[in-house]
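Working notes for the structure below.
Computed from a prediction, not measured in an experiment: that's the story for all the values here.
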Amino acid sequence: MLTSKERVIRAIERRSPDKMPIWIGFDGAECHQTIVRNIQKEFDSDIAMTYCFDPDFKPVAPGYSWLGYKSESFGVTLGEVKDNPLKDWESFDRWSAALPDYSKASCYDCARD
């Protein structure tokens with residue numbers, strides 16, 4: 001039987017792991033971590049979670065996510081997008097220019113362990 005790490009590496013390298021790991025790209029917010037714990041209980045899978053964070057990132061405006069949208073949450077749900085940054089193709093360049101720069105090594109400091 002493979003370890004979780006071996007399974008994730010095999011999946012990344014497309015070398016047929018014994019079972020498929022899953023990835024959930026949530027941040028450290030408690031409601032997101034609750035979702036992760038529930039999925040881990042329900043499914044017999046390994047989860048590799050890597051948080052990428054651009055330390056120099058500034059959102060387009062207060063309250064906006066790293067993907068450039070504002071959402072309204074209803075309890076512990078992820079919420080609903082309230083201000084879609086891609087209303088039309090003309091908004092694409094402005095939206096993509098505001099995304100974090102994930103080519104910087106500092107974005108992956110928390111994943112080095």
Side-chain angles (χ1 to χ4, degrees):
M1 177 171 252
L2 298 174
T3 66
S4 294
K5 184 175 181 176
E6 291 168 333
R7 189 170 292 120
V8 169
I9 289 170
R10 279 192 178 197
I12 290 168
E13 294 174 346
R14 297 181 179 190
R15 292 189 300 122
S16 302
D18 57 345
K19 61 182 177 176
M20 184 53 62
I22 61 172
W23 173 76
I24 303 172
F26 291 145
D27 59 24
E30 182 55 37
C31 66
H32 298 163
Q33 294 307 305
T34 299
I35 293 168
V36 170
R37 285 190 296 274
N38 290 339
I39 289 172
Q40 286 174 318
K41 285 179 201 170
E42 188 173 344
F43 297 99
D44 182 24
S45 299
D46 293 282
I47 298 177
M49 294 191 67
T50 302
Y51 302 112
C52 304
F53 176 71
D54 179 353
D56 302 318
F57 172 68
K58 303 282 187 279
V60 294
Y64 281 74
S65 77
W66 64 276
L67 286 174
Y69 65 85
K70 193 170 198 169
S71 66
E72 180 179 323
S73 184
F74 305 98
V76 295
T77 68
L78 293 178
E80 171 185 328
V81 173
K82 287 299 194 184
D83 185 13
N84 182 355
L86 292 172
K87 295 176 181 129
D88 49 48
W89 278 109
E90 288 73 38
S91 358
F92 180 79
D93 288 336
R94 185 175 68 74
W95 171 78
S96 61
L99 292 175
D101 179 5
Y102 287 116
S103 66
K104 297 186 320 190
S106 60
C107 294
Y108 302 94
D109 287 344
C110 59
R112 296 201 191 287
D113 294 334

Measuring from [X]:[atom1] to [Y]:[atom2], what's the distance to the nearest 0.5 Å?
X: Arg94; Y: Ser96; atom1: CZ; atom2: OG; result: 10.5 Å
X: Trp95; Y: Trp89; atom1: CH2; atom2: CH2; result: 9.5 Å
X: Glu72; Y: Lys82; atom1: CD; atom2: NZ; result: 4.5 Å

Results of salt bridge (charged side-chain N to carboxylate O under 4.0 Å, His left out) for Glu13 - residues two or more places apart only: Arg15
If every non-hydrogen atom of Gly68 is compared with every non-hydrogen atom of Pro85, which pair is closest and at what distance? O-CB, 3.2 Å
Using a 4.5 Å cut-off on heavy atoms from C-beta on, say whether the side chain of Phe92 contacts that of Leu86. yes
Give the C-alpha distance, both sets of side-chain angles, the deciding distance and a yes or no for side chain to side chain contact (heavy atoms under 4.5 Å, CB included) between Met1 and Arg7. CA-CA 9 Å; Met1 177 171 252; Arg7 189 170 292 120; 3.9 Å; yes
ILVMFWY cluster, Ile9 and Leu2 together (side-chain gap under 4.5 Å): no
Contacts of Ser91 that satisfy side-chain hydrogen bond (donor to acceptor under 3.5 Å, both in side chains) - sequence neighbours left out: Asp88
